[in-house]
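A note on names: the letters A, B, ... follow the listed sequences, proteins ahead of strands, and every chain is numbered from 1.
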Amino acid sequence: MNPFLSAARAVAWRNLHNWFTNPAMVVPSLLFPLFFFTAFAGGLSRVDSVPGFDYQAGYTTFVYGFVLLQAATFGGIFTGFSVARDFESGFARRLMLGATNRGGIVAGYWLSALGRAMFTITVITIVALIAGLEVHGNGIDIVGLYTLALLMNAFAVLFGTGVAMRLRTMQAGPAIQMPAFLLLFLAPVWVPYQLLTGWVHAAASVNPVTLVLESGRGFLAGDPIKVLPAFAVVSLLVAVTILWARGGLRSAEKVA
Amino acid sequence: VSQVLLLAHRSIVRTLRQPAMVVPSIFFPLLLLSINSSGLDTATRLPGFPTDSYFQFALAIPFVQGALFSANSAGTNMANDIESGFLSRLSLTPLRRVALMMGQLTGILALGLIQALTFLTVGLVFGDGIAAGPGGAVVLVALSLVISLAFGCIGAFVALRSGNGESVQGVFPLFFAALFLSSMALPRNLIEQDWFRTVADWNPVSYMLEGIRSLVIVGWDAEALALGFACAGGIALIALVAASAALRTRMVRT
């Protein structure tokens with residue numbers, strides 16, 4: 001088999017196996033998006049009565065748009081933690097000695113993040129459908145929605161991998177998590193962009209995730225908006241983080 | 001008393017010497033307060049919303065959220081003592097269990113005090129003040145400390161029962177669930193979903209939040225304060241008794 005594919009498959013399988021067989025990893029990945037979904041869709045649903053709130057598909061769907069993106073992004077971030085753990089335990093160093101094509105290692109982490117995100121998204125979608133999620137979009141809209149989410153997942157895992165491969169310790173956790181957390185929460189999370197106030201409104205106006213989130217919610221409502229800018233911005237993020245992860249790999253190779 | 005003081009000193013120094021324990025427990029609640037108050041300010045336009053500033057409404061959240069971090073800190077410290085064998089060595093001394101529990105929890109109260117004073121200062125600087133005045137600020141800090149003690153005792157109980165830090169970390173999301181399924185984001189009478197309102201009605205965290213919130217936006221509300229202190233004090237008492245029982249078992253085992 002191609003050395004790149006061989007390394008990618010081995011790393012992906014190992015990570016997915018470790019993740020699915022360890023409740024301490026699976027449960028938080030599921031619980032946090034579910035907490036957010038439950039707390040916001042249940043506790044804040046009255047917010048859709050605020051004058052100016054004009055999202056036709058309802059507040060549950062509005063919140064789902066965010067939680068979907070959050071689950072996809074954090075699927076990548078938590079995989080970044082796994083990379084850091086592999087370096088701290090010494091496994092990654094042995095892996096780098098064994099792999100003939102080390103780019104396959106990064107691809108393997110990417111595939112495992114994809115698997116984790118798809119599982120989490122499936123569970124959250126089932127819960128959301130039970131809770132009253134209304135999808136007004138057609139098949140193409142749905143493909144667009146989940147493609148955006150998986151591109152965000154790729155961006156997050158590549159960013160996390162780049163950080164983890166440079167720092168090579170579990171203490172890299174906050175450096176991986178905090179930027180993603182800020183990007184997600186400085187977007188229109190609870191109300192549409194035009195209803196944001198104060199400094200979060202200013203931050204959301206320059207936050208690329210705002211475009212992605214608004215586009216995703218547009219797909220859900222069957223009224224696609226800002227599709228090209230959203231895909232352009234998320235593709236750019238993925239492209240930049242590919243270079244970032246490649247730099248991380250080079251940094252790790254120097255000490256391997 | 002001397003036993004308590006010695007352990008209390010150790011507990012305070014150990015807690016405050018860990019920036020990884022202190023900084024996130026202050027930084028994250030403030031960050032969320034800042035984001036929430038800006039992101040959800042339009043919720044104040046809902047008819048019946050008790051204030052026209054979401055910042056004032058949300059100011060109660062960091063006090064309770066900080067206390068949740070205290071639970072994690074208390075449990076982790078206790079678990080470290082078990083895992084490192086410190087508790088085993090203590091069991092060979094004539095130290096009383098009560099002294100050990102009180103000493104261990106003093107560090108959490110110190111952290112709780114720093115958190116409460118920080119959040120209060122932020123509230124005074126960026127908000128519209130405390131409606132109940134200076135006396136209300138003192139009561140607010142006192143309630144905040146009782147809440148920290150309540151969650152700290154739960155953390156200590158989990159650590160003593162399980163004997164490891166991973167179990168404490170595993171319980172942490174449940175504390176967050178308790179916060180999320182409360183009247184954290186909207187007053188209970190404005191929660192639209194029946195099931196959520198019922199959960200919030202039965203959730204003691206709602207009353208802790210509302211006790212603090214009453215001082216910030218209403219003034220002196222005896223019922224809200226009584227419920228807040230009763231819920232926090234009740235949980236603290238039950239968890240303290242449970243933790244003491246777990247400590248007795250743990251000391252016998254060692």
Do F66(A) and F37(A) have ring centroids that are under 6.0 Å from one another?
-> no
Do F151(B) and F175(B) have their ring centres less than 6.0 Å from each other?
-> yes
Please check if atom CD in E223(B) has more than 12 non-hydrogen atoms from other residues, nucleotides or ligands closer than 6.0 Å.
-> no
Would you mind reporting whether F74(A) and N153(A) have side-chain heavy atoms less than 4.5 Å apart?
->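 Not touching, per the 4.5 Å side-chain cut-off.
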Pair T42(B)-W190(A), side chain to side chain donor-acceptor pair (under 3.5 Å): steps then yes or no | CA-CA 10 Å; T42(B) 45; W190(A) 301 286; over 6 Å; no
In terms of heavy-atom pairs under 4.5 Å, which option from M178(A), H201(A), R46(A) contacts chain B the most?
->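 Top option by heavy-atom pairs under 4.5 Å: R46(A).
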Taking only Lys NZ, Arg NE, NH1 and NH2, and the carboxylate oxygens of Asp or Glu, determine whether D86(A) and R14(A) approach each other closer than 4.0 Å.
-> yes
Is R116(A) close enough and on-axis enough to F78(A), meaning under 6.0 Å and within 45°, for cation-pi?
-> no
Do we get R85(A) above F91(A)'s six-membered ring, with its NZ or CZ under 6.0 Å from the centre and within 45° of the axis?
->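 Pair R85(A)/F91(A) does not count as cation-pi.
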Distance, nearest 0.5 Å, that separates OG of S144(B) from CG of L215(B) = 11.0 Å
Any idea which heavy atoms bring L148(A) and G216(A) closest together, and the distance?
-> CD1-N, 4.0 Å
Indicate the atoms forming the closest heavy-atom contact of F119(B) with L30(B), along with that distance.
-> CD2-CD2, 3.6 Å
Checking [X] against chain B: side chain, backbone, both or neither under 4.5 Å from a heavy atom?
X       : value
L34(A)  : neither
Y59(A)  : neither
A203(A) : neither
V189(A) : neither
L31(A)  : side chain

Quick one: sort the F36(A) and F185(A) rings into parallel, tilted or perpendicular, breaks at 30° and 60°.
-> tilted
Under a 4.5 Å heavy-atom cutoff, which of S37(B), G39(B), S182(B) has the most pairs with chain A?
->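 Counting heavy-atom pairs under 4.5 Å, the top option is G39(B).
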Name the option with the most non-hydrogen atom pairs under 4.5 Å to chain A; the candidates are L181(B), L40(B), D41(B), V199(B).
-> L40(B)
Does any N or O in the side chain of S84(B) come within less than 3.5 Å of the main-chain N or O of N80(B), such that one atom is a donor and the other an acceptor?
->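 Side chain of S84(B) to backbone of N80(B), a donor-acceptor pair under 3.5 Å: yes, one is there.
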Counting a contact as any heavy-atom pair under 4.5 Å apart, which residues of residues 43-66 of chain B contact chain A?
->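 If one takes a 4.5 Å heavy-atom cut-off, the residues of residues 43-66 of chain B near chain A are A43(B), R45(B), L46(B).
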Close contacts, residues 189-197 of chain B versus chain A, judged by heavy atoms under 4.5 Å | L190(B), I191(B), E192(B), Q193(B), W195(B), F196(B)
Measuring heavy-atom distances to chain A, does L179(B) have an atom under 4.5 Å in its side chain, in its backbone, in both, or in neither?
->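 Interface part for L179(B): neither.
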Heavy-atom distances under 4.5 Å only: say whether S183(B) touches chain A with side chain, backbone, both or neither.
-> neither
State which residue, out of I126(A), V127(A), L133(A), fulfils the side chain to side chain contact (heavy atoms under 4.5 Å, CB included) condition with L129(A).
-> L133(A)
